There are 2 protein chains.
Amino acid sequence: MAVDHPESPTPGTVRPGGRTARVRTAVLRAAEDALVEHGFAGLDLGDIAQRAEVGRTTVYRRWGSTTALVADLLADMAEQSLPRTHSGSLTEDLRANARLVRRTLADPRQGALFRAVIVAANCDAGAAEALQRFYRVRIAEWAPCVAEAVERGELPADTDPAEVVRAVSAPLYYRMFTTADPLDEAAADRAAAAAEAAARAGAYRR
Amino acid sequence: MAVDHPESPTPGTVRPGGRTARVRTAVLRAAEDALVEHGFAGLDLGDIAQRAEVGRTTVYRRWGSTTALVADLLADMAEQSLPRTHSGSLTEDLRANARLVRRTLADPRQGALFRAVIVAANCDAGAAEALQRFYRVRIAEWAPCVAEAVERGELPADTDPAEVVRAVSAPLYYRMFTTADPLDEAAADRAAAAAEAAARAGAYRR
DNA sequence: ATCCTAACGGAATTGGAGTCCCGTTAAGGG
DNA sequence: CCCTTAACGGGACTCCAATTCCGTTAGGAT
């Protein structure tokens, strides 16, 4: 008897053995599916628990809220970053990045997931921080393409590589949020060309 | 007695007199306040009814859901479109537009409102359509700046004016959603300069 | 191999958002 | 000015997600 178990600091951190890890991945997968199907607003922790074949209580205990669960999912997603291209041409690399982003957002599953995750980030500070971390990782992966172009003398010396990479994604996200137009490859190529032209003109100098 | 009142088609459309109009504006104001304070996720129709000093039933009857209420709010916001500038210079007009967008998103109240409204659009088809309409109005207001620049020969003849205006806003929205950095005036000016450079280079030709 | 306890799971409880009922108020036409 | 009825309002009810309780299972240390 002694003391009545006063809750461990954070469940899953003290004994992260087989079962605990199994539960975490099962729940994250289930959360992903649920987000894709119902979006963030329609998220129900009980439903996720069922999909993961895990007790409702477990989900509530380990994550507590839908936003905390999404934040954890984002941390997980950040670890699976896609490798950048190394074409040696700024034009090609930016276009490859734009097309990758376009494909991701246009894909029914991934697109829905990204929308849901961005919505979650706007509902909770923890999820927002996780989302920022995610994009920092993504941008850092591709920034070297631009940095190398700067070294080759293709772009002004004080060009901010991260800003150029963000400039490629920005119009695609903006389009997804504010219009109903499909995100086609032409839009991706336009985004890449625009970012490159602006960079060459020195619009992204620090 | 005769028939038992079988619900009017849409409340507020048959007798849009003083009281009905008063209720609508009071509820829309209250919804705006609630969105700014709690965001879309924390929206409660009961709370809005109290703020508006209106019966809960009225809000549920006339709007039914939080997303429908936000859609109506967006329709209301679209009517108060801000007039564009007429400086005669593409550079100046784009910068003025960028600064206006920046000021709107950086303002604690307006910024929170825009985030909330975009979140709502990602949770409901009706709200999404209302949001698209809103941006169509906004873009159409500023597109003539670019169209005039095309006529003056400053930009390629087949430049898509709306696309250029969207290119100004896109980086500002992207930054708001994916980073924690403050939206300063330098970011606005950079967005305007980048859009202009890309447009001059012909990146936005149809 | 055994024990201790972190972590899990089923079931009952609760709390509040959304709905319904029915009486009241005030547009708007005559 | 009066009448009809669209629209509003308070309060009771329903239903389901969030929480709590307590017994069970299994990681991992000795």
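Bear in mind that the values here come from a model prediction, so they are computed numbers and not experimental data. Order of the sequence lines fixes the chain letters, A, B, ..., with proteins taken first and strands second; residue numbering starts at 1 for each chain.
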*asked:* For Arg95(B), I'd like to know if atom CZ has over 12 heavy atoms of other residues, nucleotides or ligands within 6.0 Å.
replied: yes
Exercise. For residues Thr178(A) and Gln132(B), is any side-chain donor paired with an opposing acceptor at under 3.5 Å?
Worked result: no
Grab the N/O contacts between the protein and nucleotides 10-15 of chain C below 3.5 Å, and write none if there aren't any.
residue : atom : partner  : partner atom : Å
dG10(C) : O6   : Thr57(A) : OG1          : 2.6

### Query
Does CD in Glu53(B) sit with more than 12 non-hydrogen atoms of other residues, nucleotides or ligands closer than 6.0 Å?
no
Query - More than 12 heavy atoms from other groups under 6.0 Å of CZ on Arg56(B) - result: no
In numerical order, the residues of residues 62-73 of chain B whose heavy atoms come under 4.0 Å of DNA chain D are Arg62(B)
Is any side-chain nitrogen or oxygen of Thr58(A) closer than 4.0 Å to OP1 or OP2 of dA7(C)? no
Quiz item: Where do Thr85(B) and Ser87(B) land on the side-chain hydrogen bond (donor to acceptor under 3.5 Å, both in side chains) test, with the steps shown first?
Solution: CA-CA 6 Å; Thr85(B) 52; Ser87(B) 71; 5.2 Å; no
Per salt bridge (charged side-chain N to carboxylate O under 4.0 Å, His left out), Arg84(B) is matched among Glu148(B), Glu92(B), Glu141(B) by Glu148(B)
Kindly determine whether Glu196(A) and Thr91(A) satisfy side-chain hydrogen bond (donor to acceptor under 3.5 Å, both in side chains), including the steps that lead there.
CA-CA 7 Å; Glu196(A) 186 185 344; Thr91(A) 307; 2.9 Å; yes
Rounded to whole Å, the CZ-C1' distance (Arg61(B) to dT19(C)) equals 11 Å
Rounding to the nearest 10°, end axes of the helix from dA1(C)-dT30(D) to dG30(C)-dC1(D) built from five pairs each make an angle of 40°
Using a cut-off of 4.0 Å on non-hydrogen atoms, how would the nucleic acid contact of Arg22(B) be classed: base, sugar-phosphate, or nothing? sugar-phosphate
Between CZ of Arg24(A) and P of dG27(D) the distance, given in whole Å, is 18 Å
Q. Looking at Glu32(B) and Arg29(B), does any basic side-chain N land under 4.0 Å from a carboxylate oxygen?
A. no
So, does Asp72(A) use its side chain to make a donor-acceptor pair with the main chain of Ala68(A) at under 3.5 Å? no
Item to complete: Kindly say if Tyr60(B) contacts the phosphate of dG18(C), meaning a side-chain N or O under 4.0 Å from OP1 or OP2.
Response: yes
